[in-house]
2 protein chains.
Amino acid sequence: MTVTIYDVAREAGVSMATVSRVVNNNPNVKPQTRKKVFEAIERLGYRPNAVARGLASKKTTTVGVVIPDIANANFAEVARGIEDIANMYHYNIILCNADMRKDKEIRVINTLLEKQVDGLLFMGGTVTDEHLQAFNTSNVPIVLCATTDEKGNMPSVDIDHEGAAFDAVTKLIGEGHRSIAMISGTLKDPAIGYARFQGYKRALEKAGIPYREDFVRVGNYKYESGIEATQYFLELSDRPTAIFAATDEMAIGAIHGLQDAGIAVPGQVSVISVDNSRMASMVRPQLTTVAQPMYDIGAVSMRLLTKLMKKESVENARVTLPHELVQRQSVAGAKA
Amino acid sequence: MTVTIYDVAREAGVSMATVSRVVNNNPNVKPQTRKKVFEAIERLGYRPNAVARGLASKKTTTVGVVIPDIANANFAEVARGIEDIANMYHYNIILCNADMRKDKEIRVINTLLEKQVDGLLFMGGTVTDEHLQAFNTSNVPIVLCATTDEKGNMPSVDIDHEGAAFDAVTKLIGEGHRSIAMISGTLKDPAIGYARFQGYKRALEKAGIPYREDFVRVGNYKYESGIEATQYFLELSDRPTAIFAATDEMAIGAIHGLQDAGIAVPGQVSVISVDNSRMASMVRPQLTTVAQPMYDIGAVSMRLLTKLMKKESVENARVTLPHELVQRQSVAGAKA
DNA sequence: CTGTTAGCGCTTTCAT
DNA sequence: ATGAAAGCGCTAACAG
């Protein structure tokens with residue numbers, strides 16, 4: 001039925017150990033023997049059983065990554081960064097989607113740990129005590145990627161969300177805007193939603209612009225919620241001249257919400273956001289936004305994880321990658 | 001160090017077999033014993049080792065899915081369908097991205113098979129002889145999902161790409177268009193690129209419109225290539241009045257390429273495509289497109305796979321799901 | 001350079 | 001209802 005290492009050994013006239021050696025590229029095998037074994041493998045169509053290997057060696061050479069939402073382009077980009085580095089270090093990666101649901105995140109973490117991954121990458125999403133608890137039961141290294149824990153105890157790679165939001169809003173202020181509304185993500189999410197909201201407030205404060213509650217709407221990071229929030233702003237007697245959206249997707253919603261109401265962007269209202277996803281160029285006017293280096297976040301966090309898995313010492317286990325304003329066409333100066 | 005089933009057995013004062021039974025929900029355990037075991041598990045923080053279990057039982061309750069491009073929203077949607085059904089049947093799924101590269105697809109298939117998945121879903125992408133060869137070495141069921149093999153020998157779930165393209169172009173013709181250009185995907189891909197191209201040709205033919213080679217440009221399914229193709233069409237002395245793009249993303253590129261050149265959509269040129277991705281509503285004018293039931297493709301293929309894994313008999317192992325025209329704002333009648 | 005021999009942690013007959 | 005024991009397929013000392 002299934003051909004095992006034992007079958008190969010018999011076919012090649014050597015011991016299992018020798019077959020194991022050639023399969024694992026152990027140099028201590030005579031070239032001639034190696035050849036014999038390879039031939040036997042070929043002849044029998046032998047495929048090593050990774051499960052048995054994992055049990056015997058206590059290593060699976062695979063790292064698990066939990067991705068909060070597979071449909072989110074940003075996370076996809078992070079995943080690409082992870083993969084490229086993982087391949088470089090000969091790790092397999094198994095992706096598990098958590099569908100934006102906390103219970104599923106916890107379940108997926110446990111599943112991955114049961115599967116004996118050699119390390120875990122937890123991407124995006126809020127890190128609650130429950131998460132921490134699940135992480136604690138693990139004896140493999142875990143790094144947070146595109147998120148952080150509030151306590152700051154875990155290795156992580158992220159950007160400075162508060163600072164990115166601050167820079168975006170400051171850009172608007174620099175263009176002369178004083179009536180700046182925000183379409184926020186959920187404030188319950190400390191890692192992203194709340195941090196970006198804080199950046200908005202700080203930029204206002206620094207410029208001496210009073211904070212107005214009616215200038216903030218909470219969306220769900222999605223396009224439709226950007227439209228809805230914008231429609232709300234348009235009903236205000238005192239309309240904003242600029243909108244800061246916490247994500248590109250909501251910003252595109254804002255642009256369309258504005259345009260559908262016959263308002264020119266950026267002629268009458270400017271729009272800015274944070275992300276610089278691929279979509280930012282796929283809208284007219286093209287979106288001015290603060291870029292997050294998603295690919296790098298993935299790459300750096302995977303690199304960090306490899307070090308941790310090899311028990312190498314790491315200088316700094318909490319890295320913050322720089323962000324940067326990308327100017328396109330959705331921001332213009334405020335009318336005097 | 002790591003706590004094993006043996007530790008739990010000792011702690012609870014029972015045998016390994018009994019612990020195994022309660023962990024696996026075997027009814028043949030006295031409630032009282034069950035309770036004792038659960039307490040021991042709790043006290044020790046026992047987590048079953050899926051690798052050991054997999055080796056002993058020769059089942060991993062996980063299915064591998066290879067996804068050609070994690071950044072593609074359509075595939076993400078298929079993946080969601082897969083997941084929902086997998087959860088329902090208590091299978092874990094592990095996603096492996098193949099980065100649109102054939103060699104990586106083959107490698108990933110082999111990795112998954114080595115990991116002893118109980119079944120495999122191969123999503124999108126062309127199925128070559130090399131693929132078939134890799135599939136053949138497997139003794140677990142495999143189903144193609146959002147693609148098919150040319151020979152038609154493998155279980156698969158897909159839509160009728162040729163028919164979808166035919167319907168899209170026919171819609172244009174119904175609106176009075178006769179100068180219809182196409183932005184195709186690569187013709188090398190029989191499952192999608194070529195099939196949609198064939199649909200375009202057949203619709204033209206049926207309407208008695210001669211096929212013109214200069215009205216077809218091959219793109220790479222991406223936004224930018226949609227723009228480029230459109231710019232090419234605009235340079236023609238004899239411009240098309242409508243553009244059929246093989247994917248939404250290229251269609252959005254077409255819309256913007258047109259608008260950037262000062263051409264009204266759909267006023268002067270109509271645009272239609274196939275996909276109905278989320279993006280179709282995230283553009284102005286909103287895109288008229290033929291919907292593919294991506295989620296259902298995922299769900300149905302996973303369901304099919306569960307049947308195959310349980311060795312249930314299946315009536316039809318090659319299913320084609322229906323498509324449907326979704327009318328939005330990017331198509332208008334041809335000027336008389 | 002190669003073979004022997006214990007396990008890795010769990011499931012699964014087979015007894016009892 | 002429970003336990004004993006034989007593996008699952010492979011790796012990793014250890015010995016030679």
Side-chain angles (χ1 to χ4, degrees), chain A residues 1-38 40-41 44-62 110-111 113-118 137 139-140, chain B residues 1-38 40-41 44-62 92 111 113-118 137 139-140:
Chain A
M1 186 74 232
T2 59
V3 14
T4 74
I5 201 173
Y6 181 76
D7 300 320
V8 176
R10 202 156 26 90
E11 175 81 11
V14 299
S15 72
M16 291 166 53
T18 299
V19 177
S20 175
R21 286 190 188 97
V22 347
V23 169
N24 292 295
N25 267 310
N26 183 317
N28 291 347
V29 182
K30 216 196 308 182
Q32 192 188 346
T33 313
R34 184 181 303 276
K35 184 155 166 290
K36 266 197 317 195
V37 172
F38 273 131
I41 287 176
L44 266 37
Y46 168 67
R47 190 200 312 271
N49 181 327
V51 171
R53 176 184 297 188
L55 184 58
S57 68
K58 304 185 136 226
K59 274 178 289 160
T60 53
T61 62
T62 106
N110 283 315
T111 304
L113 259 17
E114 284 180 10
K115 284 195 188 308
Q116 312 300 120
V117 293
D118 293 342
T137 66
N139 36 31
V140 298
Chain B
M1 189 73 233
T2 58
V3 14
T4 74
I5 201 174
Y6 181 74
D7 300 320
V8 176
R10 202 154 29 90
E11 175 81 10
V14 299
S15 72
M16 292 167 52
T18 300
V19 178
S20 174
R21 287 192 187 96
V22 348
V23 169
N24 293 296
N25 269 311
N26 183 316
N28 289 349
V29 181
K30 215 193 312 179
Q32 191 186 348
T33 313
R34 185 182 300 278
K35 184 155 166 291
K36 267 196 314 193
V37 171
F38 272 133
I41 286 176
L44 266 35
Y46 169 68
R47 188 201 313 275
N49 181 326
V51 172
R53 175 183 301 188
L55 183 58
S57 68
K58 302 182 141 232
K59 274 177 291 156
T60 53
T61 60
T62 104
N92 299 129
T111 304
L113 259 17
E114 285 180 10
K115 284 195 190 306
Q116 313 297 123
V117 293
D118 293 342
T137 66
N139 37 29
V140 298

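Chain letters run A, B, ... following the sequence lines, proteins first and then strands; every chain starts at 1. In this text, all values refer to a predicted model and were calculated from it rather than measured experimentally.
Rounded to whole Å, atom P of D:dT11 lies 11 Å from atom CG of A:Leu55. In this structure, the CE atom of B:Met16 is 15 Å from the P atom of D:dG7, given to the nearest Å. Regarding B:Glu114, its CD atom lies at a distance of 15 Å from the P atom of D:dG9, rounded to whole Å. What separates CZ of B:Arg10 from C1' of D:dT2 is a distance of 19 Å, to the nearest Å. For the pair A:Arg47 CZ and D:dC10 P, the computed distance is 12 Å after rounding to whole Å. Between A:Asn28 atom CG and D:dA13 atom P there is a gap of 14 Å when expressed in whole angstrom units. Going from atom CZ of B:Arg53 over to atom P of D:dG9 covers 18 Å, rounded to whole Å.
Nucleotides of DNA chain C lying under 4.0 Å from heavy atoms of chain B occupy a range whose first and last members, 5' to 3', are C:dG9 to C:dT12.
When the nucleotides D:dG9, D:dG7, D:dT11 are ranked by their closest atom to the side chain of A:Ser57, D:dT11 comes out on top. Side-chain proximity of A:Arg21 to the nucleotides D:dA1, D:dC10, D:dC14 is greatest for D:dC14.
For the residue pair B:Arg47/A:Asn110, the side-chain donor-acceptor check at 3.5 Å is satisfied.
In this structure the side chain of A:Asn24 reaches within 4.5 angstrom of the side chain of A:Arg53, judged on heavy atoms. Considering only heavy atoms from C-beta on, A:Glu11 stays 4.5 Å or farther from A:Val8 through its side chain. A heavy-atom distance below 4.5 Å is found between the side chains of A:Thr2 and B:Asn139. No side-chain heavy atom of B:Thr33 sits under 4.5 Å from any side-chain heavy atom of B:Val22.
The shortest distance between the side-chain N/O atoms of A:Asn24 and the OP1/OP2 oxygens of D:dT11 is below 4.0 Å. Contact annotation: A:Lys58 side-chain N/O to D:dC10 OP1/OP2 distance is not under 4.0 Å. Residue A:Asn49 places no side-chain N or O under 4.0 Å from the OP1 or OP2 atom of D:dC10. The phosphate of D:dC10 has OP1 or OP2 within less than 4.0 Å of a side-chain N or O from A:Tyr46. The phosphate of D:dC8 has neither OP1 nor OP2 within less than 4.0 Å of any side-chain N or O from A:Thr4.
Along DNA chain D, the nucleotide closest to B:Thr18 and the one closest to A:Gly54 are compared, and the more 5′ of them pairs with B:Thr18. Judged by closest nucleotide on DNA chain C, B:Ala52 is the one of B:Ala52 and B:Ala17 placed further toward the 5' end.
Between A:Ile5 and A:Tyr46 the shortest heavy-atom distance is N-CE1, 3.6 Å.
When A:Val140, A:Leu55, A:Asp118 are each tested for a side-chain contact (heavy atoms from CB on, under 4.5 Å) with A:Thr60, only one passes: A:Asp118.
In this structure, A:Val51 reaches neither bases nor backbone, as no heavy-atom distance under 4.0 Å exists between it and the strands shown.
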